[in-house]
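This chain uses plain numbering: 1 for the first residue, then up along the sequence.
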Amino acid sequence: MTASPSREVTESQAVTGRVERIVYHNPDDGWCVLKVKVKGRRRLVTVVGHSSYVVPGETIEAQGEWTEHAEHGERLIASTMRTTLPSTAGAAEKYLSSGLVKGIGPQLAHRLVERFGAEVFSIIEEAPNLLRDVEGIGPQRVESIRRSWSEQMALKDVMNFLGSHGLSATKAPRILRTFGPDALSIIENNPYRLAREVPGIGFKSADLIARHTGLEPDSEERFASAIHDRLQKAIARGHCAYPAEALLREASKEVGFPPERLVAALEAEVESGRLTEEPMDAAFGSEGKEVDGIFPSGLAAAEMRVAQSLVRLASRKPQWISAAFLDAPFDPSKAPRTARLRLSESQERALRTVLNAKLSVLTGGPGTGKTTLIRAISNELRARGWHVVCAAPTGRAAQRLMEAAGVEAQTIHRLLGWDPETHGFRYRPEFPLRADLLIVDEASMVGLELMDSLLQALPPHAALLLVGDRDQLPSVQAGRVLDSVLDSGVFAHAHLSEVFRQANGRESLIIRAAHEVLEGRLPELTSIRPDQEFHFVEARTPEACLERVVRLVKERIPERFGLNPQKDVQVLCPMNKGEVGARSLNRRLQAALNPEPPETIERFGQVLAVGDKVIITANDYDKDVYNGDIGRIVQIERERSSLRVELNAVGDRPGRRIDFDFAELDALSLAFAITVHKAQGSEYEAVVIPLHEESAAMLGKNLVYTAITRGKKLVVLVGNRESLRLAVRAQPHLERRWSGLAGKIRAQAKSLTAWRESAKSSVPAEAR
């Protein structure tokens with residue numbers, strides 16, 4: 001029989017002291033382990049409890065009971081815990097040295113406390129101009145300190161407010177960024193604005209606050225918030241809309257009333273213009289049936305603009321066909337010899353299809369020659385003097401397009417150009433792009449709203465080519481634009497199926513495995529040669545899977561293939577959560593690949609260190625960084641309360657360096673391991689893919705196919721055969737994405753045809 005790890009001591013006691021060190025803090029639930037300096041005790045006291053916000057140097061008042069832990073010794077298990085600003089000079093210096101206040105580092109903190117003592121906080125808040133008495137502080141730094149202090153106090157108030165209602169404090173920075181300094185009064189006045197306007201906060205959290213403030217459970221405002229919440233959750237899964245009946249049914253479960261009680265609230269939202277009700281279709285399994293759907297009004301309008309723009313674009317011929325020197329359908333054999341590439345017969349047919357249409361779609365799997373054809377198309381037109389522009393959804397996809405096709409390319413966001421003054425894209429209908437042909441690679445990744453912005457910026461004379469692989473996972477953003485374009489049956493489409501790519505003069509095992517998965521067949525898993533590019537490593541349990549992945553990335557792949565474990569190797573997981581999810585693997589890989597970093601910072605439940613690989617998790621147009629961008633932390637500057645990330649470094653060539661304030665670190669996550677969805681549009685020298693039954697809910701052949709095709713030189717699957725067999729033989733794990741785009745395209749095309757027939761018939765026969 002094993003001994004109990006701790007022994008309860010019945011004595012209840014209040015402890016007051018200074019927080020010296022935070023051993024652990026989970027902002028999701030506020031649980032923390034603190035080392036506290038208590039007057040009269042020689043050693044630091046361990047206090048365990050809940051606090052939504054705690055900083056070294058603060059004074060803590062904790063009430064609880066002492067326990068004796070077999071491993072960790074004596075601890076106070078606090079039932080209540082309250083923190084206040086430091087009341088002594090030493091504690092104030094420790095507090096200010098933490099990097100909490102932008103513009104104050106350890107040295108300046110020492111000088112400030114030396115001048116003002118424990119009153120330094122009152123000086124910052126009430127008489128900040130007095131700070132100029134301290135050496136090294138001028139008017140600009142005074143303003144920076146004052147503003148940062150105000151922001152931190154507002155952040156602390158919001159975090160404490162959330163904590164008092166039993167909610168996670170991790171969303172406090174987003175709340176402040178959304179609502180500004182009046183955040184608390186806005187939340188208290190209408191808690192449901194949290195669910196509607198702040199990313200990552202749902203109805204349940206807002207409802208908890210609302211119920212605490214006494215809002216009636218059957219209020220129409222509560223019902224409307226639940227409807228919007230369920231719709232936003234559907235949008236987050238990629239839908240543009242949701243069936244009205246299902247939306248009411250799901251929202252009713254949230255509020256505890258039958259669906260019919262919510263009908264009036266839904267009708268009011270539609271009447272107000274915030275929601276739109278109209279027919280829609282689904283990309284999968286709809287069998288052509290239309291369903292009444294509820295759209296956010298902005299997405300319904302975006303679908304209509306996209307449909308109109310695409311049909312209008314396709315209704316004309318590209319300008320090079322009507323040019324004086326080319327009055328017949330485009331014939332690539334007439335192009336200058338310098339522009340010619342060796343193309344197969346199927347590629348030649350695809351080339352003719354693309355160049356004879358103003359709007360065309362080129363699809364195909366890996367190794368079928370899509371990139372070669374992009375290069376050929378670009379060469380053909382540029383040799384004749386036409387301006388060709390290439391873009392892709394992500395920086396890595398654009399970089400890959402430049403390297404493989406030899407064409408200039410950039411991200412769609414950068415192509416459109418963000419204007420911080422108008423908070424919109426620079427290129428738009430009144431200021432269009434300069435292009436005769438726009439080629440968009442990895443088009444399956446482009447969501448509805450981004451496609452809308454792109455089409456609005458396209459000049460009327462320009463042609464558009466969408467290139468993609470519809471078997472990959474769909475876009476992270478709402479919509480399935482590429483599939484809707486293809487499903488409409490309206491536009492010119494060329495599909496490449498002949499596989500060309502080879503490795504070292506032989507068939508690429510990566511490409512073969514990818515196509516076998518797509519066809520529902522289990523790829524060859526027996527290791528034949530140690531230098532082959534596709535491997536399977538058996539791991540029966542989650543723990544064995546973790547250990548093998550870490551060893552592969554840290555030791556075996558670098559030793560055998562000479563690849564850098566951070567720059568060249570990427571772990572791709574089916575999901576974030578779970579024992580073999582990206583979060584768990586990131587902690588293991590961080591410890592293995594960056595064990596002794598020069599500096600670390602802990603914010604929002606994660607430790608980030610200089611040298612860590614990180615991924616951007618939210619678009620920031622002002623910084624020109626986007627969800628999915630990957631980089632490396634190169635500096636932590638406590639005095640400036642900022643962290644610097646280098647993005648898109650290639651080989652020895654440095655990338656862009658972007659600074660993030662400590663309050664913005666909720667937009668960064670470790671990226672030693674990322675989800676397959678986040679890897680769309682990217683390629684890596686080597687990928688390691690953990691597969692286990694715990695990820696069964698996400699496993700599907702489209703996911704495994706997408707993961708395998710991210711690897712250029714090496715792909716290693718780690719897990720058990722049952723998981724892979726489940727993924728390969730299952731139906732495509734793609735939830736039907738509700739959308740009205742394909743139907744709108746067909747309707748617009750039909751309307752345009754009818755208008756033309758009508759216009760033609762109204763012209764006298766002798767004038768035709």
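To the nearest 0.5 Å, atoms CD (Gln477) and CG (Leu448) are separated by 10.5 Å. Phe203 CZ to Lys233 NZ: the interatomic distance, rounded to the nearest 0.5 Å, is 9.5 Å. Atom-to-atom distance recorded for Ile294:CD1 and Leu275:CG is 6.5 Å, nearest 0.5 angstrom.
Val614 places none of its side-chain heavy atoms less than 4.5 Å from the side chain of Arg632. Leu247 has its side chain within reach of Tyr242: a pair of non-hydrogen atoms, C-beta onward, lies under 4.5 Å apart. The shortest distance between side-chain heavy atoms of Arg644 and Ile633 does not fall below 4.5 Å. Between Pro56 and Glu20, every side-chain heavy-atom pair lies at or beyond the 4.5 Å cut-off. Thr46 places a side-chain heavy atom less than 4.5 Å from the side chain of Lys35. Ile175 has its side chain within reach of Leu162: a pair of non-hydrogen atoms, C-beta onward, lies under 4.5 Å apart.
Phe660 carries Lys623 over the face of its six-membered ring, with the cationic atom under 6.0 Å from the centre and within 45° of the normal.
The ring-ring contact (aromatic ring centres under 6.0 Å, His included) pairs that include a residue from residues 612-640 are His413-Tyr621, His413-Tyr626, Trp418-Tyr621, Phe425-Tyr621, Tyr621-Tyr626, where partners are two or more places apart or lie in different chains.
For the 3.5 Å distance criterion, the side chains of Glu125 and Trp149 qualify, holding a donor opposite an acceptor. No side-chain donor-acceptor contact under 3.5 Å links Ser669 and Thr617.
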Legend entry - CA sep, side-chain torsions, deciding dist, call: Asp612, Asn594, side chain to side chain donor-acceptor pair (under 3.5 Å): CA-CA 7 Å; Asp612 280 348; Asn594 195 17; 2.8 Å; yes
Inset, instruction - Could you check Met81 against His50 for side chain to side chain contact (heavy atoms under 4.5 Å, CB included), going step by step and ending with a plain yes or no? - result: CA-CA 7 Å; Met81 191 184 294; His50 291 80; over 6 Å; no
Inset, instruction - Please test Arg261 against Asp218 for side chain to side chain contact (heavy atoms under 4.5 Å, CB included), starting from the C-alpha separation and ending with a verdict. - result: CA-CA 9 Å; Arg261 290 287 303 275; Asp218 61 348; 3.7 Å; yes
Inset, instruction - Could you give me the CA-CA distance, side-chain angles and deciding distance for Tyr192 and Asp207, then say whether side chain to side chain donor-acceptor pair (under 3.5 Å) is met? - result: CA-CA 7 Å; Tyr192 292 116; Asp207 193 46; 2.6 Å; yes
Inset, instruction - Apply side chain to side chain donor-acceptor pair (under 3.5 Å) to Glu221 and Asn190, showing your working. - result: CA-CA 10 Å; Glu221 186 176 15; Asn190 184 1; 3.2 Å; yes
Inset, instruction - Decide yes or no on side chain to side chain contact (heavy atoms under 4.5 Å, CB included) for Leu44 and Val36, but give the supporting numbers first. - result: CA-CA 5 Å; Leu44 296 179; Val36 180; over 6 Å; no
Inset, instruction - Just do the side chain to side chain contact (heavy atoms under 4.5 Å, CB included) check on Ile616 and Leu668 with the steps written out, would you? - result: CA-CA 5 Å; Ile616 310 296; Leu668 292 180; 3.4 Å; yes
Legend entry - Lys613 and Asn586: CA distance, side-chain angles, deciding distance, side chain to side chain donor-acceptor pair (under 3.5 Å) verdict: CA-CA 10 Å; Lys613 182 194 275 188; Asn586 268 317; over 6 Å; no
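With hydrogens and angles disregarded, a donor-acceptor distance shorter than 3.5 Å links the side chain of Arg737 to the backbone of Gly479. Distance alone, capped at 3.5 Å, places no donor-acceptor pair between the Ser148 side chain and the Ser144 backbone. The closest donor-acceptor contact from the side chain of Asn619 to the backbone of Asn627 lies under 3.5 Å. The closest donor-acceptor contact from the side chain of Ser297 to the backbone of Gly273 lies under 3.5 Å. Between the side chain of Arg656 and the backbone N or O of Asp624 there is at least one donor-acceptor pair closer than 3.5 Å. Judged purely by atom type and a 3.5 angstrom limit, Glu58 uses its side chain to pair as donor or acceptor with the backbone of Val55. Ser219 places no side-chain N or O within 3.5 Å of a backbone atom of Leu215 that could act as its donor or acceptor partner.
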